[in-house]
Structure formats: structure tokens, C-alpha cells
Amino acid sequence: MEKPDLKVVGEIAPPDYKDPVKMLRNIADNIENGDYGGIDTVVVATFGDAGLETFGGGKESGLYACTYVFGSAAARFHMMPWVGA
């Protein structure tokens, strides 16, 4: 049996969230567009070759505000149905 010829019809690009730089730019664009309302605190955590890095920004970017946002985000992740799957 002869195999059919396969034709390339296009590339399957990974979703934007798989590219950290593109994902961060998209979030910044959404903030500028007002998609999330007023933003007082922004926190970012990265993990890679350099280990864990954390960043806080915004007019409310002190230790307590950033810790609160990171803690709230961790709790939200724990409530996601796909966590632990």
C-alpha cells in the first residue's frame, strides 16, 4: 500500500501564553486599554535558569500589597479544577 503525500498547509503557532515576552506585552497592552480597570498593584514571578524571581510594581507596590496579591493568586490557582490533574 502506497502512503499518500503529505502537504504542509501552514504552521501551528504556539498560543501567546507559551511565549513569556509576548504574554507580558499582551498584558501590558490590556492594562493600557483599560481592560482590567484601574491597576494599583502588579506582581510578576518568573522561574527558569536563574531560579525564582519576583517583581512588584504600581502605586501600591510595597511588600504587604505584593504579598497579598501573590497569596491571593496562589489561593485562586488552588481552586482551579485542572490543578493536580
Side-chain angles (χ1 to χ4, degrees):
M1 181 173 176
E2 191 173 316
K3 293 183 180 180
D5 290 334
L6 298 178
K7 296 179 182 173
V8 176
V9 295
E11 291 185 35
I12 299 174
D16 287 349
Y17 70 86
K18 293 285 189 174
D19 180 342
V21 173
K22 192 171 191 179
M23 187 258 324
L24 288 169
R25 284 195 179 112
N26 288 342
I27 291 172
D29 290 344
N30 292 344
I31 290 171
E32 284 184 332
N33 292 336
D35 295 349
Y36 308 123
I39 301 293
D40 294 329
T41 307
V42 173
V43 295
V44 175
T46 62
F47 186 74
D49 296 339
L52 177 68
E53 297 288 342
T54 57
F55 308 90
K59 69 180 183 179
E60 297 293 334
S61 57
L63 174 65
Y64 296 116
C66 291
T67 301
Y68 172 78
V69 173
F70 270 125
S72 297
R76 182 175 285 185
F77 273 113
H78 286 292
M79 294 186 316
M80 298 293 182
W82 45 265
V83 173

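FYI, the numbering just counts along the sequence from 1.
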In one Ile/Leu/Val/Met/Phe/Trp/Tyr side-chain cluster, 4.5 Å: M23, I31: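 Looking at the clustering, I31 is in the same group as M23.
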Joint cluster assignment, F55 & V42, ILVMFWY side-chain distance < 4.5 Å: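 Yes.
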Taking all non-hydrogen atoms of both residues, which atom of [X] and which atom of [Y] are closest, and how far apart?
| X | Y | value |
| --- | --- | --- |
| F47 | L52 | CD1-N, 3.8 Å |
| T41 | E60 | OG1-O, 2.6 Å |
| C66 | G56 | SG-CA, 3.7 Å |
| A74 | H78 | O-CD2, 2.9 Å |
| F70 | V44 | CZ-O, 3.6 Å |
| N30 | Y36 | ND2-OH, 3.1 Å |

Heavy-atom side-chain proximity of D40 to K59 below 4.5 angstrom: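 Yes. Closest side-chain heavy atoms under 4.5 Å.
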Y64, OH atom: more than 12 neighbouring heavy atoms under 6.0 Å: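 Not buried by this count: 12 neighbours or fewer within 6.0 Å.
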As an exercise, state the distance from [atom1] of [X] to [atom2] of [Y], rounded to the nearest 0.5 Å.
| X | Y | atom1 | atom2 | value |
| --- | --- | --- | --- | --- |
| D29 | L24 | CG | CG | 11.0 Å |
| R76 | M79 | CZ | CE | 6.5 Å |
| I27 | D16 | CD1 | CG | 10.5 Å |

